Amino acid sequence: MANKAIWGLSLALILSVILSSCQSSSSGLDAALQSISLEDFSHNVQILSSDEFEGRAPATPGEEKTVTFLRQEFENLGLKPGNGDTFFQEVPMLKMKVDPSAKLRIFKGNSTLEFNYGDDFMAWTLRGVDKVGFTQAEMIFVGYGIIAPEYNWNDYQGLNVKDKIVVILINDPGFETKNPDLFKGKAMTYYGRWTYKFEEAARQGAAGALIIHETAPAAYPWGVVRNSWGGTNYTLETEDNNMSRCAIEGWLTLEAAQKILAAAGLDYQELKKKATKRGFKGFPLNLKASLNLKNNVSRVVSKNVVALYEGGERADEVIIFTSHWDHFGIDPTIKGDNIFNGALDNATGTAGLIELARAFTQLKPKPKRSFLFLAVTGEEQGLLGSQYYATHPVFPLEKTVAVINMDALNIWGPMKDITVIGYGLSELDKYVEEEAAKEKRQVNPDPTPERGSYFRSDHFSFAKQGVPALYLSPGVDHVVHGRKWTLAQRDKYLAENYHKPSDEFDPNWDLSGAIQDLRLIFKIAYRLSQEETFPNWNEGTEFKSLRDKMMGITK
Ligand SMILES: [Zn+2]
């Protein structure tokens, strides 16, 4: 017995020596996982979403407080500056605010319709100019405003929209018809996103582009449109001062659009039906529009926070965690509570970065590859900070192993599952599946692909450049309350708090689900850090050729 015990002990010793020489011992991993702390996480969410941080708008005192806090946290954990000798990457932006007294006027013969900024339409410019507009410009209805050769679709076919105003439907024909053979059926394609529609209208030379808002296909109510663009708007500063963009971009409420179309003798629902048919062509509405905006524009510099935890063996190979620190700041035109605290969106993800950073510093030996903790600015304004990093990377993209994004973590408690937004796109799914399986958790695709979530957060800026990017979202099957309850909670948040001043920290939140997810993310990232291979996009995805090219992979 004694001999056997000694033999057993020495075998265990030998094994543990062998194991610890190639990877962190399981107790080391456990210690790292345990260092992801509910108390610290909750505390940091509360700090970041406090009124003192003023809603964390770019280039405001709220930014200064936010990025200083993050730098200090990363520094205290022993991380290094991620951009040479600094923890910051400067992001040059135009900061703009439209005078809300603007009126949209529509002319039909002698009669005029007049619409109010905010209640009936939202409009802005991305051009860095202080006055912009159009007078008595011709209006053209362009259906979904999509040119998609791969779907054999062109709403602009044979149309000249130069210097005209295009009126556009939101989402894509697949969403409207739920026909799986049309675009991607119910799931939104990038062509369904407003960002694409404004980009395409600019390429076509339109002076103005107005999207008709409808809650279901847009995936959010008018209040979100109003709040998102009603305050200060930001865009990346470009060499041409953004003069290649349309003079004016904006949205119409459904009611305003219906009135405008009625003036043209058209019915919105019928028109929408026609626009979903292949071969649909845009046409002039025989209406004219005037809209002039006074634009208070300034040049500002906002900051991405970049903190590095260097790997022990292949420090030049980097895994990036992204989370946007920014939110909408303060809107002085709102009566009562006018601070957009952005507690869920995205104080949670930002606080998550700190927890992950702490966990990785606990590992001995150090992980082989490096980790970059990238808290980006300007996400709410169109993924600006991540777009800037992805096009001005500190670490070469071909040495960037993967990006893992966190935007709005789980506030509803432990789940039996985890959601992969953009499931099926890359080999990173396999890591999630294998690690989740060890916890007996299921991996689900996005339950609401029609919302286009894959295009709506910072991982997408990296995907666009070809870097495999993973976006995990909370599960939808609560351990106690189940699936229906969870989906209802999500919808409630979306309707009541999303992008509103009421997105505030709530002591009733159950953040243990966020901790569960952060530990899963840690395990996925740890595995990536120990490997020598680089994950890729799956065959047939739109991003794979970019990755192959940067990695020198030829077929
Ligand atoms: Zn967000």
Side-chain angles (χ1 to χ4, degrees), residues 41 44-45 48-49 53-58 62-63 66-67 70 91 188 193-195 218-221 223-225 227-229 231-234 302 304-305 320-329 339-354 373-390 403-412 419-422 446 448 451-463 469-474 489-491 493-506 509 511 514 517-518 521:
F41 175 70
N44 289 332
V45 171
L48 287 161
S49 63
F53 279 61
E54 300 180 32
R56 307 187 306 278
E63 154 156 359
T66 307
V67 300
L70 291 171
V91 180
M188 188 191 280
R193 280 288 284 165
W194 55 266
T195 44
Y220 36 73
V224 171
V225 173
N227 286 340
S228 301
W229 279 281
T232 302
N233 292 308
Y234 301 82
S302 184
N304 289 333
V305 182
I320 301 182
F321 293 106
T322 52
S323 266
H324 71 89
W325 60 254
D326 70 298
H327 201 54
F328 290 107
I339 304 175
F340 289 74
N341 303 83
L344 177 54
D345 184 13
N346 185 27
T348 55
T350 309
L353 285 179
I354 299 168
F373 297 86
L374 178 58
V376 291
T377 179
E379 189 270 354
E380 304 289 11
Q381 309 293 333
L383 319 182
L384 302 181
S386 56
Q387 187 191 327
Y388 191 81
Y389 181 95
V403 170
I404 301 177
N405 184 47
M406 294 181 290
D407 189 355
L409 301 187
N410 177 357
I411 55 170
W412 300 294
T419 303
V420 176
I421 307 284
D446 185 355
T448 50
R451 291 179 187 164
S453 302
Y454 197 74
F455 316 115
R456 289 172 59 180
S457 191
D458 295 301
H459 56 284
F460 185 60
S461 295
F462 288 88
L470 181 67
Y471 180 26
L472 294 176
S473 164
Q489 298 302 308
R490 280 167 46 120
D491 287 346
Y493 168 79
L494 207 60
E496 292 174 9
N497 306 318
Y498 175 68
H499 288 190
K500 292 188 178 143
S502 59
D503 180 0
E504 291 182 335
F505 180 82
D506 182 340
W509 284 352
L511 295 175
D517 291 348
L518 285 167
I521 289 171

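All figures in this text were calculated on a predicted structure; none of them were measured in a lab. Both counts, for ligands and for their atoms, begin at 1 and track the order of listing.
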Around the Zn ion (ligand 1), list the protein N/O/S atoms within a radius below 2.8 Å, excluding water molecules.
-> H324 NE2, D345 OD1, D407 OD1, D407 OD2
Can D326 and T377 be counted as having a side-chain donor-acceptor contact under 3.5 angstrom?
-> no
For D517, check salt bridge (Lys or Arg N to Asp or Glu O under 4.0 Å) against everything at least two apart and list the hits.
-> R441
Side-chain donor/acceptor of N341 to backbone N/O of S49, under 3.5 Å = yes
Does H459 use its side chain to pair, donor to acceptor, with the backbone of V403 at less than 3.5 Å?
-> no
Assess the side chains of T350 and R56: does a donor N or O sit below 3.5 Å from an acceptor N or O?
-> no
Do Y493 and D503 have side-chain atoms, one donor and one acceptor, less than 3.5 Å apart?
-> yes
